[in-house]
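Inspection log for the structure reproduced underneath, given as structure tokens.
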Amino acid sequence: MLMLATTMQAAALRVRALRKAYQDVVAVDGLDLEVPAGECFGLLGPNGAGKTTTIEICEGITVRDSGDVEVLGMRWENDARALRQRLGIQLQETQLSEKLTVAETVRLFRSFFDNGPTPERVIALVQLEEKARSRVGALSGGQKQRLALACALVGDPQILFLDEPTTGLDPQARRQLWDLIEEFKRAGRTILLTTHYMDEAERLCERVAIMDHGKVIALGSPRELVASIGVEHVVEFSAEAAAQPLDLAELRTLEGVRDAHADNGVVRMQVTALHRAVPALLAVLVRRDIRLTELRTHSATLEDVFVTLTGRHLRDE
């Protein structure tokens, strides 16, 4: 376990009225956030929602147009060197020299910080001991992500910024990285995480902010946000073409159904009582002689919160 510096501050990160535009495109539009010390906080949203721009401004990589950003009680314009010594950053795409070994890479990054654990200790923490002498170019995708995480940890940071840390990884590599992040959480670290994987946010984050078009459209714990839409389950189905197509208005009147929408041949019903809604749906299909081709049900998730708020799926963009 890495030793963790402590802070008495109530909030590790405060963002007020943050705005950033690229010519005519507004990436971040009046954003307010506050992340208490020791919390894993998630920024969720589709590509283009403004997540990466927000986190890069907090990291001191991108200059804001307006608004205020306070990190660990400091500001980039006055305390840049002190902040760099106290932050750990894993970018969405980390380009490391492929000809250096794992050990050489970690030693290089460790040299940038005044304090922190030994390179060997960090390599062991991310479970890359057997690859310490291997060149970066020979690593798998999951191993490279663990190495990038090691480089973010060599300064023993108080805040860890993780921008889409598991994008492109296979399920096993994702779970391994989740285990590492959860270990850091147990050490009391503050983590700001961006992701468009809802299962990732639900597993790792105490609170999340759902972003769309540069704004926060929902904020709370995953459980609170799911409860806010008043839906326990989602039923999705598709059916063969019929002489008399299904009437969505009729589906919305079924017992236990709150709402229903169709998209690309798939009907999606938000359900408050699954045991009543499914039999009622099947009765309608039998009565209209419509044959199901697929039927799926799942408990409501953060993805369903986003769909309810915007009418779109997180992956639509």
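Quick caveat: nothing in here was measured; it's all calculated off a predicted structure.
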- Query: At their closest point, which heavy atom of Ala201 faces which heavy atom of Leu302, and how far apart are they?
  - Reply: CB-CD1, 4.1 Å
- Query: For the residue pair Ala12 and Ile159, what are the closest heavy atoms and their distance?
  - Reply: O-CD1, 3.5 Å
- Item | Pairs where residues 64-111 contributes a residue and the test ring pair (Phe, Tyr, Trp, His ring centres under 6.0 Å) is met, not counting sequence neighbours | Phe109-Phe112
Could you pull out all donor-acceptor pairs under 3.5 Å where a side-chain atom in residues 223-230 meets a protein atom, sequence neighbours excluded?
unit_1, atom_1, unit_2, atom_2, d
Glu224, OE1, Ser221, N, 3.0
Glu224, OE1, Ser221, OG, 3.4
Ser228, OG, Leu225, O, 2.5

- Can you tell if the side chain of Asp29 reaches within under 4.5 Å of the side chain of His213, non-hydrogen atoms only? no
Residue list, salt bridge (Lys or Arg N to Asp or Glu O under 4.0 Å) with [X], at least two apart or on another chain:
X      : answer
Glu294 : Arg296
Asp259 : Arg252
Glu164 : Lys51
Arg110 : none

Residues which pass side-chain contact (heavy atoms from CB on, under 4.5 Å) with [X], listed by chain and number, not counting sequence neighbours:
X      : result
Ala209 : Leu33, Phe41, Leu43, Val216, Leu219
Thr293 : Ser238, Glu240
Asp24  : none

- Query: Just by modelled atom types, is the Asp114 backbone N or O under 3.5 Å from a matching donor or acceptor in the Gln85 side chain?
  - Reply: yes
- Message: Whether the side chain of Asp32 engages the backbone of Ala17 through a donor-acceptor N/O pair (distance < 3.5 Å, no angle test) should be reported.
- Response: yes
- Item | Pairs flagged by salt bridge (charged side-chain N to carboxylate O under 4.0 Å, His left out) wherever residues 52-66 is involved - sequence neighbours left out | Lys20-Asp65, Arg64-Glu77
- salt bridge (charged side-chain N to carboxylate O under 4.0 Å, His left out) partners of residues 134-150, not counting sequence neighbours, each pair once: Glu98-Lys144
- Item | Audit row: Arg75, Asp68, salt bridge (Lys or Arg N to Asp or Glu O under 4.0 Å) steps and yes/no | CA-CA 9 Å; Arg75 290 177 170 81; Asp68 186 61; 2.9 Å; yes
- Task: Only one of Leu204, Leu149, Thr195, Leu177 passes side chain to side chain contact (heavy atoms under 4.5 Å, CB included) with Leu162; say which it is.
- Result: Leu149
- Query: Is a salt bridge present between Asp156 and Arg121, judged by a nitrogen-to-oxygen distance below 4.0 Å?
  - Reply: no
- Task: Mind checking ring pair (Phe, Tyr, Trp, His ring centres under 6.0 Å) for Phe113 and listing every partner two or more places apart, or none if nothing turns up?
- Result: none
